[in-house]
Protein chains: 2
Amino acid sequence: MGTALSVIERFSRFQSDDAQSAEPVCCPVRDVLDRIGDKWSVLVIMTLATRPQRFSELRRAIRDISKRMLTQTLRDLERDGLITRHVYATKPPSVEYRLAPLGQSLLEPMASLVDWADRRYSDIHAARVRFDESPL
Amino acid sequence: MGTALSVIERFSRFQSDDAQSAEPVCCPVRDVLDRIGDKWSVLVIMTLATRPQRFSELRRAIRDISKRMLTQTLRDLERDGLITRHVYATKPPSVEYRLAPLGQSLLEPMASLVDWADRRYSDIHAARVRFDESPL
DNA sequence: GAGGACAGGTCTCAATTAGAGACCTGCTTC
DNA sequence: GAAGCAGGTCTCTAATTGAGACCTGTCCTC
């Protein structure tokens, strides 16, 4: 609790410093969060958490991702050092993606978020229904 | 560690069940993650973590958010029960946003993610540079 | 009492981004 | 020799975003 606030306060200070300056916004945390906070990254990382997988295994696991977005998400994650890409010179060459140590280290905090989402989902859903039904 | 994997495995099972069915993807965790995983939600929640704030205070704190997106983000967060909106009938009516208990409960897991981002930023940045410089 | 400022938005339009799906290369199978 | 899979790329369209004009109402200043 106290820990959470101290982390967030540190971040806030960064952000308000930024609010002063005329420069474009530049904050490491935002930079990273923008990257892993997109629609597919978290899903891909969690899918790779159990075991390394090939391109088409990932596509089957995450049914509604398009090839285009899967390719792009994998490239971005590789670029950030969260996953690694291994090409095997088999008959039709196969490509395997696996979590790099950096990606592994993300599992812990990510799991706490997933756990939160899981436990609070019913509250959130109830709030939505209430909001949508409310007068006006 | 073990905890992280068990949470993620539970989620994965959900996802692979889903992979079997012909139905459109439907998973509580994804539902929630899509919502808070957008560009602005995390920023707004963290800004409100320190104290309740008014619309224009938020705009000043998050300099590069447009009015349109701030309004929309706040509505969505309110709808999900993460924040509450209070209108005061002052001379020019003022509107204050504050974290609801549900939003408070998100601070802890979110902070662990922010902390990760903060501590790993240099690794990620180094990986990017390496990737961008690499042959081809 | 006209002009400007601020609060909290909404609306419109242009630019960016995402998704569907056709297409490509190389190799195997019927 | 038609068809299928792997791992992508390319193109076209649809949805999302951001910039910024505009709106209503209440101050304050001159």
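Computed from a prediction, not measured in an experiment: that's the story for all the values here.
- You'll find the side chain of Glu108(A) stays beyond 4.5 Å of the side chain of Ser112(A), heavy atoms only.
- Distance, Tyr88(B) OH to dG8(C) C1': 15 Å, rounded to whole Å.
- We find that CG of Asp76(A) is positioned 13 Å from C1' of dA18(C), with the value rounded to whole Å.
- Rounded to whole angstrom, the span from the CE atom of Met69(B) across to the P atom of dG20(D) amounts to 16 Å.
- Atom CZ of Arg54(B) and atom P of dC6(C) are 13 Å apart (whole Å).
- Using a 4.5 Å cut-off between side-chain heavy atoms of Ile, Leu, Val, Met, Phe, Trp and Tyr, with links allowed through other members, Tyr88(A) and Ile83(A) fall into different hydrophobic clusters.
- The separation between Leu70(A) atom CG and dA18(C) atom C1' is 14 Å, rounded to whole Å.
- Per the geometry, CG belonging to Leu74(A) stands 14 Å off C1' belonging to dA6(D), to the nearest Å.
- Across all strands, Arg75(A) comes closer than 4.0 Å only to sugar-phosphate atoms, never to a base (heavy-atom distances).
- Residue order along DNA chain C, read from the 5' end via each residue's closest nucleotide, puts Lys39(A) first among Lys67(A) and Lys39(A).
- For Asp76(B), the side-chain contact (heavy atoms from CB on, under 4.5 Å) partners at least two apart in sequence or on another chain are Arg35(B), Gln72(B).
- Mapping Arg68(A) and Pro93(A) onto DNA chain D by nearest heavy atom places Pro93(A) at the nucleotide closer to the 5' end.
- Comparing Glu96(B) and Ser66(A) by the nucleotide of DNA chain C that holds the closest heavy atom to each, the one mapping nearer the 5' end is Glu96(B).
- Residue-level contact check: Tyr97(B) touches the backbone only, with heavy atoms under 4.0 Å from sugar-phosphate atoms and none from bases.
- Within the structure, every side-chain polar atom (N or O) of Arg60(A) is placed at least 4.0 Å from both OP1 and OP2 of dC5(D).
- Within the nucleic acid shown, Glu57(A) has no heavy atom closer than 4.0 Å to any nucleic acid atom.
- Computed from coordinates, the Phe55(A) CZ to dG7(D) C1' distance equals 6 Å when rounded to whole Å.
- Take the nearest nucleotide of DNA chain D for Asp38(B) and for Thr71(A): the residue whose nucleotide is more 5' is Thr71(A).
- Distances shown here put every side-chain N or O of Gln72(B) at or beyond 4.0 Å from the OP1 or OP2 atom of dG9(C).
- The shortest distance between the side-chain N/O atoms of Trp40(B) and the OP1/OP2 oxygens of dG18(D) is below 4.0 Å.
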- Dump the intermediate steps for salt bridge (Lys or Arg N to Asp or Glu O under 4.0 Å) on Lys39(B) and Asp38(A), then the final yes or no. CA-CA 8 Å; Lys39(B) 192 171 177 182; Asp38(A) 72 65; over 6 Å; no

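- Using a 4.0 Å heavy-atom cutoff across all strands shown, Arg59(B) reaches no nucleic acid atom at all.
- Between Val29(B) and Tyr121(A) there is no side-chain heavy-atom pair separated by less than 4.5 Å.
- Taking atom CZ of residue Arg85(A) and atom P of nucleotide dA6(D), one finds them 15 Å apart after rounding to whole Å.
- Taking only side-chain nitrogens and oxygens, Ser56(B) comes nearer than 4.0 Å to OP1 or OP2 of dG8(C).
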